[in-house]
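Below: one structure, written as structure tokens.
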Protein chains: 2
Amino acid sequence: MLRLTKKADYGLMALKYLAEHPDSVSVSAKDIADTYGIPPQLLAKVLQRLTKVGLLRSHAGMNGGYELSREARRISAFEVIHAIDGPLFITSCTKGSKSCDLEPNCTIKEPLARVNESIAGVLKSISIYDLVDAETAAGRSAEMLVTLMHS
Amino acid sequence: MLRLTKKADYGLMALKYLAEHPDSVSVSAKDIADTYGIPPQLLAKVLQRLTKVGLLRSHAGMNGGYELSREARRISAFEVIHAIDGPLFITSCTKGSKSCDLEPNCTIKEPLARVNESIAGVLKSISIYDLVDAETAAGRSAEMLVTLMHS
DNA sequence: CAGTATAGGACTGATTTTGTCGCAGTTCAA
DNA sequence: TTGAACTGCGACAAAATCAGTCCTATACTG
């Protein structure tokens, strides 16, 4: 439960790949798909969406491909996931603007909104760069938070 | 994306209801389903599962129903969600014990494990009681964490 | 122009989620 | 002791979502 779609996974992996290859001017969707064994056309769509929201810059034609539009350190996992999977709602009732259709009202929605924010916060604190170098400050801070919350 | 199933929602709502009615010896699935407009048989299954994992005590027969097996303060949202939706994995690749089937290896899985733990931590810090009284310490601590992470 | 890429719509199949049905066992109370 | 009101559970059906493919158009390079 509570898991990312494969598309979001693919997107994060692709961005990580791009962050690891800053030398290459641009990398094609096929290149990335091949190295990870991802269906190329599916990854292409994911990258197209990430381009649309401005996280990537695309370059059509021969030797074309994608590149990060910002440095990896300034792209959060949240942005990627949000772009691909849509808005983050932990409760199944909150569908966009419309309120819960359950009778009196979804009495649980409001208190869980905080949880939602907490999770979004965690995701926002993780950058693509953190995926490359797992031993980074943000990673450690996330760990710290866990222990902090357990206390 | 990243949302609970309706079953988990129903489960949380039901537990909250039970926490709000400690006077009643036991409440039937139908009672709760009626007050919230939830399909009764579906809620019944959810409650059966929660009983199975020991969060509820059931009582068959006339005037039967369910009651919390512990005080609301000592039942976490995590336990409920875990019981209903299964283990919490943010990456779609981590299916149980088996590692990712993506080619070299899902390079993203390991760094996201921390995120997973952070989210689990947030969920563990929220009790059923917190859902009843949204202005509780744990709720505030969760809020605090969000601001802390944004800094 | 030929080849390689992105852009994107339409569509199909797989998987998951949601909800229903039917039946067996339990308890209570008239 | 019988029937109504419950839980417990497996099998199914319906609906929604996700994953993946196909096809066509367009853009850029040499």
Side-chain angles (χ1 to χ4, degrees), chain A residues 1-11 13-14 18 24-34 36-67 69 81 84-87 89 91-93 95 101-102, chain B residues 1-11 13-14 18 24-34 36-67 69 81 84-87 89 91-93 95 101-102:
Chain A
M1 62 125 270
L2 211 73
R3 68 181 170 288
L4 264 44
T5 61
K6 281 193 177 177
K7 285 180 187 175
D9 274 7
Y10 295 161
M13 291 170 72
L18 288 172
S24 323
V25 181
S26 74
V27 183
S28 74
K30 191 175 177 304
D31 288 344
I32 302 175
D34 284 351
Y36 291 120
I38 299 172
Q41 310 206 66
L42 188 52
L43 180 63
K45 293 207 162 180
V46 170
L47 297 182
Q48 281 163 28
R49 179 158 244 148
L50 293 176
T51 303
K52 211 169 185 179
V53 300
L55 293 176
L56 294 177
R57 261 195 301 269
S58 68
H59 186 55
M62 215 166 174
N63 298 321
Y66 298 90
E67 61 178 327
S69 68
I81 293 168
I84 299 171
D85 282 350
F89 289 133
T91 48
S92 62
C93 52
K95 15 182 145 169
D101 53 346
L102 294 178
Chain B
M1 62 126 270
L2 210 74
R3 68 177 170 289
L4 265 43
T5 62
K6 280 194 177 178
K7 285 182 188 174
D9 273 8
Y10 295 161
M13 290 169 72
L18 288 172
S24 323
V25 181
S26 73
V27 182
S28 74
K30 193 177 178 303
D31 288 343
I32 302 174
D34 284 351
Y36 291 120
I38 298 172
Q41 310 208 64
L42 188 51
L43 180 63
K45 291 207 162 178
V46 169
L47 297 182
Q48 281 163 27
R49 176 157 246 148
L50 293 176
T51 303
K52 212 170 186 180
V53 300
L55 292 176
L56 293 178
R57 264 195 300 269
S58 68
H59 185 55
M62 212 162 178
N63 298 321
Y66 299 90
E67 61 178 326
S69 67
I81 293 167
I84 298 172
D85 283 350
F89 288 132
T91 48
S92 62
C93 50
K95 15 181 144 172
D101 54 345
L102 294 177

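Residue numbers begin at 1 in each chain, while the letters A, B, ... track the order of the sequences.
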Considering only heavy side-chain atoms of A:Gln41, the closest of C:dT18, D:dA19, D:dT21 is D:dT21
N or O in side chain of B:His59 less than 4.0 angstrom from C:dC28 OP1/OP2:
yes
Can you tell me the distance, in whole Å, between the CG atom of A:Leu56 and the C1' atom of C:dA7?
14 Å
Does B:Thr51 put a side-chain nitrogen or oxygen below 4.0 Å from OP1 or OP2 of D:dT7?
no
Residues B:Ile84 and B:Arg49: closest non-hydrogen pair is CA-CD, 4.0 Å
Taking for B:Gln48 and for A:Asn63 the nucleotide of DNA chain D with the nearest heavy atom, the one nearer the 5' end belongs to B:Gln48
Using whole Å, report how far CD of B:Glu67 lies from P of D:dC6.
16 Å
Please state how far atom CZ in B:Arg49 lies from atom P in C:dT17, giving the value in whole angstrom units.
11 Å
Just to be sure I understand the rule, does B:Ala44 reach a base, reach only the sugar-phosphate, or reach nothing, if contact means heavy atoms closer than 4.0 Å?
nothing
Phosphate OP1/OP2 of C:dA5 contacted by A:Ser58 side-chain N/O (<4.0 Å):
no
What about A:Lys45, does its side chain sit under 3.5 Å from the base of C:dG9 through a donor-acceptor pair?
yes
I'd like to know if A:Lys6 reaches the base of D:dG20 with its side chain, counting only an N/O donor and acceptor under 3.5 Å.
no
Nearest-Å distance for atom pair OH/C1', residues A:Tyr66 and C:dT4
13 Å
In whole angstrom, what separates A:Leu43's CG from D:dT21's C1'?
15 Å
Is any side-chain nitrogen or oxygen of B:Tyr10 closer than 4.0 Å to OP1 or OP2 of C:dG19?
yes
Nearest listed nucleotide, side chain of A:Thr5, among C:dT17, D:dC18, C:dG19
D:dC18
Would you say that B:Leu56 contacts B:Leu18 through its side chain, given a criterion of any heavy-atom pair below 4.5 Å between the two side chains?
yes
Given D:dT7, D:dT29, D:dT17, which nucleotide is nearest the side-chain atoms of A:Met62?
D:dT29
Using atom CD1 of A:Ile32 as one end and atom C1' of C:dT6 as the other, report the distance to the nearest whole Å.
13 Å
Give a yes or no on whether the backbone of A:Thr5 and the side-chain of A:Asp85 come within a donor-acceptor separation of less than 3.5 Å.
yes
Would you mind telling me which of C:dT17, D:dT7, D:dT21 lies closest to the side-chain atoms of A:Leu42?
D:dT21
Between A:Ser28 (side chain only) and A:Asn63 (backbone N and O only), is there a donor and an acceptor less than 3.5 Å apart?
no
Look at the side chain of A:Ser69 and the backbone N and O of A:Arg57, then say whether any donor-acceptor pair between them is shorter than 3.5 Å.
no
Heavy-atom pair with the smallest gap, counting every atom of A:Ala29 and A:Ala44:
CB-CA, 4.1 Å
Over how many whole Å does the gap from A:Asp85 atom CG to D:dA19 atom C1' extend?
12 Å
Nearest of C:dG3, D:dA5, C:dA5 to any side-chain atom of A:Ser28?
C:dA5
Using a 4.0 Å heavy-atom cut-off, does A:Lys30 contact any base of the nucleic acid, only the sugar-phosphate backbone, or nothing at all?
nothing
Roughly how many Å is it from NZ in B:Lys7 to C1' in D:dC9, rounded to a whole number?
13 Å
